[in-house]
Enquirer: 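To start, I am sharing the structure in question, which I have written as C-alpha cells.
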Amino acid sequence: MDWTSAQLRSLVELTRRGTLTAVARALGYTPGAVSQQIAALEKATGMELLDRVGRRVELTDAGLTLARHAERILATEAEAVEALERSRNEVSGALLVGLFATAAAEILPLALRRVREAHPDLTVHSRDMDVDEVYDAVASGGVDLALGLDYPDVPIPRDPALRVTQLYRERFSLAVPAGSMGGRAEVALADTRDLGWILPSPDSYYGRAVRTACRRAGIEPDVQHEVTDTAATLALVEAGIGVSTVTDLMLGLRASRFDVVRLRETIERHIVVVFRSSAERRPTVAALVDVLRAVAETRQGRRGR
C-alpha cells in the first residue's frame, strides 16, 4: 500500500479525538491537510474509512481495522528509528518537542542554548500546544517528547507506553489585587470564600486541581471568569477583577502589579517531561531529557538563593 506515516498517524488520532479539527490541533496541521491525508489513505486502500455524523466523524469497520494495524506500524517505525540511532552511537538528528506557553517562555530558550553548546548536531523543533494535549501528542507520535504538567490532586493517567519524568515541582501562591489583603504574608483558602476567582475550566487538569484543593479546605471557589491563558489571568488580577493561583513560572510570563501571598495549604504542580517508552534509549531523546533536567536544576538553584 502506498501510504505515509503522517497519514496513518492522522487516522490513529481520529480514533482518539473524533473530529478533524481536534486532530489538526494535536498534530500541528490544518483541518484541510488532515482531510487530504485521510482521502489519500482511502485512495490507497480503495475503501471508505470515515462516516460523517454531524460535526464529528466515525471510522468505518475498514477504518477501525486499518487504525489498529496503523498503531503497530507506527510503533515498529519508532523502534526502527531508535535502533538506527543506537547503531550510530551519536547524538545527531532532529526532535520535535511539544510544550505549553509558560514552558516555551521560561524553559525552552535556555534548553535550546544548552543543546547548541553540548550537541551541535542535534536539531530541536518545537510546537506550542494546549498543556492537556501534550500527553496524547506524545502517545500518537505527533511529537517526540513534550513538557507537561502533573498535579498531585488530579494526576494524569499513567500509560505504560509513556514515560513521565518529573523535572521539578512548584508550589502555588495566591495572586490578589494590590492592597486587598492588608499586607498579610499568608492566607488560607477559606479566606477567599467571599472573593471572586479567575480559573481555567473544570474540564482542565489545572482547573480541577485548584477546585479539589478548595473543596478539601471546605470552600467552593466563586469562579467568575473561566480563563485558560495565564497572561490574561494575571492581567485580570492586576485590574482588581479577582484572585487566582500562581507559581514562579507563571509569574515570569508577564510583569504585573499585584500582591502575591503565600497559601497556608500546599497546592503543587509538577513540571514533567513525557516521552514514549520505546524512545527511552534513543540517544537524541536521552540527551534532550538530560538537558531539560539540567535546566530544571538551574531554575531550582535560583529559587533556592
Enquirer: Show me the donor-acceptor pairs within less than 3.5 Å that the side chains of residues 28-40 make with the rest of the protein, sequence neighbours left out.
Expert:
unit_1: Thr30; atom_1: OG1; unit_2: Ala33; atom_2: N; d: 3.1
unit_1: Gln37; atom_1: OE1; unit_2: Ser10; atom_2: OG; d: 2.3

Enquirer: Side chain of Ser201, backbone of Asp203: donor and acceptor closer than 3.5 Å?
Expert: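 Such a contact is found between Ser201 side chain and Asp203 backbone.
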
Enquirer: Which heavy atom of Val12 sits nearest a heavy atom of Arg16, and at what distance?
Expert: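 Shortest heavy-atom separation between Val12 and Arg16 comes out as CG1-NH1, 3.3 Å.
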
Enquirer: Do Thr247 and Arg171 have side-chain N/O donor and acceptor atoms under 3.5 Å apart?
Expert: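 No, no side-chain donor-acceptor pair sits under 3.5 Å.
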
Enquirer: Mind checking whether Phe172 and Arg269 have side chains closer than 4.5 Å, heavy atoms only?
Expert: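 Result yes, sub-4.5 Å side-chain heavy-atom pair found.
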
Enquirer: What closest approach, in Å, do Leu174 and Val246 show between heavy atoms, and which atom pair accounts for it?
Expert: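 Residues Leu174 and Val246, closest heavy atoms: C-CG2, 4.5 Å.
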
Enquirer: Before giving the answer on side chain to side chain donor-acceptor pair (under 3.5 Å), spell out for Arg163 and Ser277 the whole-Å C-alpha distance, their side-chain angles and the decisive distance to 0.1 Å.
Expert: CA-CA 6 Å; Arg163 289 283 183 271; Ser277 303; 3.0 Å; yes

Enquirer: Less than 4.5 Å apart, any side-chain heavy atom of Leu199 and any of Ser244?
Expert: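 The answer is yes; the side chains approach within 4.5 Å.
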
Enquirer: Do any N or O atoms from the side chain of Arg9 and from the backbone of Gly141 form a donor-acceptor pair under 3.5 angstrom?
Expert: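 Present.
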
Enquirer: As an exercise, state the distance from SG of Cys214 to CD1 of Ile267, rounded to the nearest 0.5 Å.
Expert: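 Answer rounded to 0.5 Å: 6.0 Å.
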
Enquirer: Under 4.5 Å between any side-chain heavy atoms of Leu162 and Arg276, yes or no?
Expert: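 The answer is yes; the side chains approach within 4.5 Å.
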
Enquirer: Going by the side-chain hydrogen bond (donor to acceptor under 3.5 Å, both in side chains) test, which pairs reach into residues 221-233, not counting sequence neighbours?
Expert: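 Applying side-chain hydrogen bond (donor to acceptor under 3.5 Å, both in side chains) to every pair that reaches into residues 221-233, excluding sequence neighbours, yields Asp222-Gln224.
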
Enquirer: When you check the gap from the basic side-chain N to the acidic O, do Arg114 and Glu117 get nearer than 4.0 Å?
Expert: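 Salt bridge: no.
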
Enquirer: Between Glu71 and Arg68 (side chain of the first, backbone of the second, donor and acceptor by atom type, cut-off under 3.5 Å), is there such a pair?
Expert: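 No; zero donor-acceptor contacts below 3.5 Å.
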
Enquirer: How far apart are the C-alpha atoms of Asp191 and Arg184, what are their side-chain angles, what is the distance that settles it, and do they pass the salt bridge (Lys or Arg N to Asp or Glu O under 4.0 Å) test?
Expert: CA-CA 11 Å; Asp191 297 328; Arg184 296 169 62 182; 2.9 Å; yes

Enquirer: If I compare all heavy atoms of Arg211 with all of Pro200, which pair ends up nearest, and what's the gap?
Expert: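 Residues Arg211 and Pro200, closest heavy atoms: NH1-O, 2.9 Å.
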
Enquirer: For residues 144-153, which side-chain N or O atoms pair as donor and acceptor with protein atoms under 3.5 Å away, sequence neighbours left out?
Expert:
unit_1: Asp144; atom_1: OD1; unit_2: Arg282; atom_2: NH1; d: 3.4
unit_1: Asp144; atom_1: OD2; unit_2: Leu96; atom_2: N; d: 2.8
unit_1: Asp150; atom_1: OD1; unit_2: Ile156; atom_2: N; d: 2.9
unit_1: Asp150; atom_1: OD2; unit_2: Arg158; atom_2: NH1; d: 3.1
unit_1: Asp150; atom_1: OD2; unit_2: Arg158; atom_2: NH2; d: 2.8
unit_1: Asp153; atom_1: OD1; unit_2: Arg216; atom_2: NH1; d: 2.7
unit_1: Asp153; atom_1: OD1; unit_2: Arg216; atom_2: NH2; d: 3.4
unit_1: Asp153; atom_1: OD2; unit_2: Arg216; atom_2: NH2; d: 3.4

Enquirer: Show, in sequence, the C-alpha distance, side-chain angles and deciding distance for Ser5 and Leu74, and conclude whether the side-chain contact (heavy atoms from CB on, under 4.5 Å) test is met.
Expert: CA-CA 7 Å; Ser5 299; Leu74 293 171; 4.1 Å; yes

Enquirer: Report the C-alpha separation of Leu263 and Ser173 in whole Å, then their side-chain angles, then the decisive distance to 0.1 Å, and conclude whether the side-chain contact (heavy atoms from CB on, under 4.5 Å) test is met.
Expert: CA-CA 5 Å; Leu263 276 172; Ser173 299; 5.6 Å; no

Enquirer: Is there a path of hydrophobic side-chain contacts, each under 4.5 Å between heavy atoms of I/L/V/M/F/W/Y residues, joining Val131 to Met129?
Expert: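 Per the 4.5 Å side-chain linkage, Met129 and Val131 are co-clustered.
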
Enquirer: Measuring only between side-chain heavy atoms, which start at C-beta, is Trp197 closer than 4.5 Å to Thr192?
Expert: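 In contact.
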
Enquirer: Before giving the answer on side-chain contact (heavy atoms from CB on, under 4.5 Å), spell out for Val176 and Val260 the whole-Å C-alpha distance, their side-chain angles and the decisive distance to 0.1 Å.
Expert: CA-CA 6 Å; Val176 302; Val260 178; over 6 Å; no

Enquirer: Check Glu186 with Arg264, please: is the shortest side-chain N to carboxylate O separation under 4.0 Å?
Expert: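 Result for this pair is yes, salt bridge flagged.
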
Enquirer: If hydrophobic clusters are built from ILVMFWY residues whose side chains come within less than 4.5 Å, do Ile73 and Val23 share one?
Expert: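 Yes, same cluster.
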
Enquirer: Find the distance between CG (Asp132) and OG (Ser204) and round it off to the nearest 0.5 Å.
Expert: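 These two atoms lie 6.0 Å from each other.
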
Enquirer: Quick one: does Leu167's side chain get under 4.5 Å of Arg293's, heavy atoms only?
Expert: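 Result yes, sub-4.5 Å side-chain heavy-atom pair found.
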
Enquirer: When rounded to the nearest 0.5 angstrom, what is the spacing between CD1 in Ile271 and OG1 in Thr165?
Expert: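 So the CD1 of Ile271 and the OG1 of Thr165 are separated by 14.0 Å.
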
Enquirer: For a quick test of reading the model, state the closest non-hydrogen atom pair linking Leu249 to Glu170 and the distance between them.
Expert: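 That would be N-OE2, 2.9 Å.
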
Enquirer: Between Met181 and Leu195, is there a side-chain heavy-atom distance shorter than 4.5 Å?
Expert: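 Yes, at least one pair of side-chain atoms sits under 4.5 Å.
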
Enquirer: Could you give the distance from CG (Leu95) to NE2 (His119), rounded to the nearest 0.5 Å?
Expert: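 Spacing of CG (Leu95) from NE2 (His119) equals 10.5 Å.
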
Enquirer: Can you tell if the side chain of Thr60 reaches within under 4.5 Å of the side chain of Leu50, non-hydrogen atoms only?
Expert: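 The answer is no; the side chains never approach within 4.5 Å.
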
Enquirer: Within the structure provided, determine whether Val97 and His125 are in side-chain contact (heavy-atom separation under 4.5 Å).
Expert: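 They are not in side-chain contact.
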
Enquirer: Between Asp51 and Val57, does a side-chain contact (heavy atoms from CB on, under 4.5 Å) hold up when you go through it step by step?
Expert: CA-CA 6 Å; Asp51 282 330; Val57 292; over 6 Å; no

Enquirer: To the nearest 0.5 Å, what is the distance between CG on Leu11 and CD on Glu42?
Expert: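 One gets 9.0 Å once the value is rounded to the nearest 0.5 Å.
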
Enquirer: Val164, Val285: one ILVMFWY side-chain cluster at the under-4.5 Å cut-off?
Expert: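 Same cluster.
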
Enquirer: Between CZ of Arg72 and CD of Glu77, what distance do you get to the nearest 0.5 Å?
Expert: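 Rounded to the nearest 0.5 Å, the CZ-CD separation comes out at 15.0 Å.
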
Enquirer: Please determine whether the number of non-hydrogen atoms from other residues, nucleotides or ligands lying under 6.0 Å from atom CD of Glu265 exceeds 12.
Expert: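 Atom CD in Glu265 is crowded, with more than 12 foreign heavy atoms closer than 6.0 Å.
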
Enquirer: Ignoring hydrogens, what is the shortest heavy-atom contact between Gly242 and Pro177? Give both atom names and the distance.
Expert: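 Closest pair (atom of Gly242, atom of Pro177, distance): O-CD, 3.5 Å.
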
Enquirer: Tyr205 and Val154: which non-hydrogen atoms are nearest, and at how many Å?
Expert: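 For Tyr205 versus Val154, the nearest heavy atoms are CD2-O, 3.5 Å.
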
Enquirer: According to a 4.5 Å side-chain heavy-atom criterion applied to Ile, Leu, Val, Met, Phe, Trp and Tyr, with indirect links allowed, do Leu251 and Leu110 form part of one hydrophobic cluster?
Expert: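 No, separate clusters.
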
Enquirer: Answer with yes or no whether the hydrophobic clustering places Val210 together with Leu236; edges join I, L, V, M, F, W, Y residues whose side-chain heavy atoms lie under 4.5 Å apart.
Expert: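 The answer is no; the residues belong to distinct hydrophobic clusters.
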
